[in-house]
Protein chains: 2
Amino acid sequence: MVTLTEENYIKEIYHLAKQGENNVSTNALAKAMETKASSVTDMVKKLSEKGYVDYKKYQGVALTKQGKHIAVGIVRKHRLWEVFLVEKLNFSWDEIHEVAEQLEHIKSEKLIKQLDAFLEYPTHDPHGDPIPDETGKIKSIDKILLSQAQIYDTCICVGVKDSSSEFLKYLDKNEIALGTKLTVMHKEAFDNSVTINVNNNLLIISNLIANNLFIKLS
Amino acid sequence: MVTLTEENYIKEIYHLAKQGENNVSTNALAKAMETKASSVTDMVKKLSEKGYVDYKKYQGVALTKQGKHIAVGIVRKHRLWEVFLVEKLNFSWDEIHEVAEQLEHIKSEKLIKQLDAFLEYPTHDPHGDPIPDETGKIKSIDKILLSQAQIYDTCICVGVKDSSSEFLKYLDKNEIALGTKLTVMHKEAFDNSVTINVNNNLLIISNLIANNLFIKLS
DNA sequence: AAATATTTTTAGTCTAGTCTAAAAATATTT
DNA sequence: AAATATTTTTAGACTAGACTAAAAATATTT
Ligand SMILES: [Mn+2]
Ligand SMILES: [Mn+2]
Ligand SMILES: [Mn+2]
Ligand SMILES: [Mn+2]
């Protein structure tokens, strides 16, 4: 039996490992979980005893095969629920995270299987993140950050790296959504800002924004 | 802040009070919660301090206005989710309870409001139980138990008192569902069994069954 | 290679919720 | 009205998860 708290730790280890080194440090995990390092040490010992992580004192943690399996299952549920909230319940993409954060812990094989079918087997969530399939397989598309695009590149927006409400609302305000077509018109060397053409309007985007928007060249 | 455990206690007090005396006894609550009387005493003290129940030592508990409000909210969520599972995810009525038991604790005003709209404001759950509206109002239809019907009464099945999987499967097997029309053909004085006509088939029903099936005379 | 800074772990405490065993209160019999 | 049975509460202990403060290990400077 995996408790809700254990699930949250496992999921966070998964996310941190995905975008950093293999071994997740106690401090990094503490920060992500908004808790203290000492609490993390305790939990990590427990997860290790249960076989969900490999842990050696002072060396950080990495998920075992079993741990990874659990993590992927939670991510799958989280993202399917996000699709549900947007597609069926008219939530906007900046309102869904905290609700999905709760729903991801509901335990029922049938529920998630039926939900998947009901949503017609979506492959990506409303933020452009891939949804693992029933077997845990994740098909990732080859996306790059807008900051990496070259001048005169034409591309479509396929995802966000930061999915905070603030960032998403900024995008809404500037009429950038998943599927929106953009062309890079200018790259300012001084501050790495980018001028893009969106819906025939020019928009100047800071480097921070460009670093959090995934695009696909077209 | 109401914890998940507190919510479950409050809901159970609500259900027990609804079908018994006003003050719910420690033992009754312990049995319903599948826990020990001593645990109930502790929890009941806490609920009392938080203002959700009135409690005097050795006298049992009753929900306060605030407690009742919380209870009704949980019941509303539970039943709306049950409708969702049956109507949208093709669950059968005997598979939904334990999942709804989890879903009822998800905290999001908007979620439940949108779910309600998505389901087109259902008034009853798949077991025939009424769904409290947004303000907490419950409109109960005047139903009676099949065991109380008179000979040659014609009626329709509108709900179940026992919603255990076993009972529901029994009804499925005998092609009795909500909305099914029945006529009482015979009442056996010896064991209080009832012979009914369902879909032009005669079916003999034990008193226990007849005592758990709600009908409406027509 | 020391000295210093940072990270991580340990030790001890706290709250929520549960349990068993014993004590106290209430209900039921005689 | 006692005696007995049942219900309820108290006392003390346990686990999960979190926290603070101090100790130990590792990393970074000098
Ligand atoms: Mn979560
Ligand atoms: Mn997402
Ligand atoms: Mn519940
Ligand atoms: Mn129900």
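A note on names: the letters A, B, ... follow the listed sequences, proteins ahead of strands, and every chain is numbered from 1.
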Novice: To the nearest angstrom, how far is B:Asn23 atom CG from D:dT7 atom C1'?
Specialist: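 It works out to 15 Å between those atoms.
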Novice: Say whether A:Asn211 and A:Ser147, considering side chains only, have a donor N or O and an acceptor N or O under 3.5 Å apart.
Specialist: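 Yes, A:Ser147 and A:Asn211 have a side-chain donor paired with an acceptor closer than 3.5 Å.
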Novice: Under 3.5 Å, which donor-acceptor pairs link side chains of residues 68-92 of chain B to any protein atom two or more places apart or in another chain?
Specialist:
from	atom 1	to	atom 2	distance (Å)
B:Arg76	NH1	B:Pro132	O	2.9
B:Arg76	NH2	B:Asp116	OD2	3.1
B:Lys77	NZ	B:Glu104	O	3.2
B:Lys77	NZ	B:Ile106	O	3.0
B:His78	ND1	B:Glu104	OE1	2.7
B:His78	NE2	B:Glu82	OE2	2.9
B:His78	NE2	B:His97	ND1	3.4
B:Arg79	NH1	B:Pro130	O	2.7
B:Trp81	NE1	B:Leu103	O	3.4
B:Glu82	OE1	B:His127	ND1	3.2
B:Ser92	OG	B:Asp94	OD1	2.7
B:Ser92	OG	B:Glu95	OE1	3.2

Novice: Can you tell me the distance, in whole Å, between the NZ atom of A:Lys45 and the P atom of C:dA11?
Specialist: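 About 8 Å, once rounded to whole Å.
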Novice: Measure the distance from CG on B:Leu4 to P on D:dA16 and round it to the nearest whole Å.
Specialist: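 Atom-to-atom, B:Leu4 to D:dA16, this comes out as 18 Å.
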Novice: Write down the distance between CG (A:Asp42) and P (C:dT9), rounded to a whole number of angstrom.
Specialist: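 Going from A:Asp42 (CG) to C:dT9 (P), I get 10 Å.
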Novice: Which residues pass the side chain to side chain donor-acceptor pair (under 3.5 Å) test with A:Thr64, not counting sequence neighbours?
Specialist: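 Not a single residue meets the side chain to side chain donor-acceptor pair (under 3.5 Å) criterion with A:Thr64.
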Novice: Can you tell me how far P of C:dT13 sits from NZ of A:Lys36, to the nearest Å?
Specialist: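 Result: 19 Å.
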Novice: Taking side chain to side chain donor-acceptor pair (under 3.5 Å) as the definition, give me every residue that meets it alongside A:His186, ordered by chain and number, with sequence neighbours left out.
Specialist: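 In terms of side chain to side chain donor-acceptor pair (under 3.5 Å), with neighbours along the sequence ignored, A:His186 is linked to A:Glu188.
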Novice: Which residues satisfy the salt bridge (Lys or Arg N to Asp or Glu O under 4.0 Å) test with B:Lys57, sequence neighbours excluded?
Specialist: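 Testing B:Lys57 for salt bridge (Lys or Arg N to Asp or Glu O under 4.0 Å), a comparison that skips the adjacent residues, returns none.
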Novice: Can you tell me how far P of D:dT15 sits from NZ of A:Lys50, to the nearest Å?
Specialist: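 From A:Lys50 NZ to D:dT15 P: 13 Å.
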Novice: May I ask you to say what A:Ser39 touches in the nucleic acid, namely base, sugar-phosphate or nothing, with a heavy-atom cut-off under 4.0 Å?
Specialist: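 Base, at least one base heavy atom under 4.0 Å.
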Novice: Which whole-number value in Å describes the distance from A:Lys56 NZ to C:dT8 C1'?
Specialist: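 Whole-Å distance recorded here is 16 Å.
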Novice: Think A:Tyr9 has a side-chain N or O under 4.0 angstrom from the OP1 or OP2 of D:dA16?
Specialist: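 Looking at the OP1 and OP2 atoms of D:dA16, neither is under 4.0 Å from any side-chain N or O of A:Tyr9.
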Novice: What contact category does B:Thr41 fall into here, base, sugar-phosphate, or nothing, at under 4.0 angstrom with non-hydrogen atoms?
Specialist: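 Here B:Thr41 touches the bases of the nucleic acid.
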Novice: Report all side-chain donor-acceptor pairs from residues 133-145 of chain B shorter than 3.5 Å, counting only partners two or more places apart or in another chain.
Specialist:
from	atom 1	to	atom 2	distance (Å)
B:Asp133	OD1	B:Thr135	N	2.8
B:Asp133	OD1	B:Thr135	OG1	2.7
B:Asp133	OD1	B:Gly136	N	3.0
B:Asp133	OD1	B:Lys137	N	2.9
B:Glu134	OE2	B:Lys113	NZ	3.2

Novice: For a quick check, with a 4.0 angstrom heavy-atom cut-off, what is the B/S/- contact string for nucleotides 21-27 of chain C, read 5' to 3'?
Specialist: ---BSS-
Novice: Does D:dT6 have OP1 or OP2 under 4.0 Å away from a side-chain N or O of B:Asn27?
Specialist: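 Answer no for this pair, as no side-chain N or O of B:Asn27 is under 4.0 Å from OP1 or OP2.
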Novice: Indicate, with a heavy-atom threshold strictly under 4.0 Å, whether B:Thr35 touches base, sugar-phosphate, or nothing.
Specialist: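 If one applies the 4.0 Å heavy-atom cut-off, B:Thr35 turns out to touch the sugar-phosphate alone, with no base involved.
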Novice: Using modelled atom types and a 3.5 Å cut-off, is there a donor and acceptor pairing between side-chain atoms of B:Asp153 and backbone atoms of B:Gln150?
Specialist: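 Checking the backbone N and O of B:Gln150 against the side chain of B:Asp153, a donor-acceptor pair under 3.5 Å is found.
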Novice: Tell me every residue that passes salt bridge (Lys or Arg N to Asp or Glu O under 4.0 Å) with B:Lys36, counting only those two or more places apart in sequence or in another chain.
Specialist: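 If we apply the salt bridge (Lys or Arg N to Asp or Glu O under 4.0 Å) test to B:Lys36, skipping adjacent residues, there are no hits.
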Novice: Anything under 3.5 Å between a donor and an acceptor, one on a side chain of residues 15-30 of chain B, the other on a protein residue two or more places apart or in another chain? List them.
Specialist:
from	atom 1	to	atom 2	distance (Å)
B:Lys18	NZ	B:Tyr14	OH	3.0
B:Asn23	ND2	B:Gln59	O	2.9
B:Ser25	OG	B:Ala28	N	3.0

Novice: Using whole Å, report how far CD of B:Glu6 lies from P of C:dT15.
Specialist: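 So the CD-P distance, B:Glu6 to C:dT15, works out to 15 Å.
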Novice: Reading DNA chain C 5' to 3', what string of ( ), [ ], | and . shows its pairs, if Watson-Crick and G-U wobble pairs count only when both distances fall under 3.5 Å?
Specialist: ||||||||||||||||||||||||||||||
Novice: Tell me which of A:Thr3 and B:Thr26 sits closer to the 5' end of DNA chain D, going by the nucleotide each one is nearest to.
Specialist: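 Whichever sits nearer the 5' end wins; that is B:Thr26.
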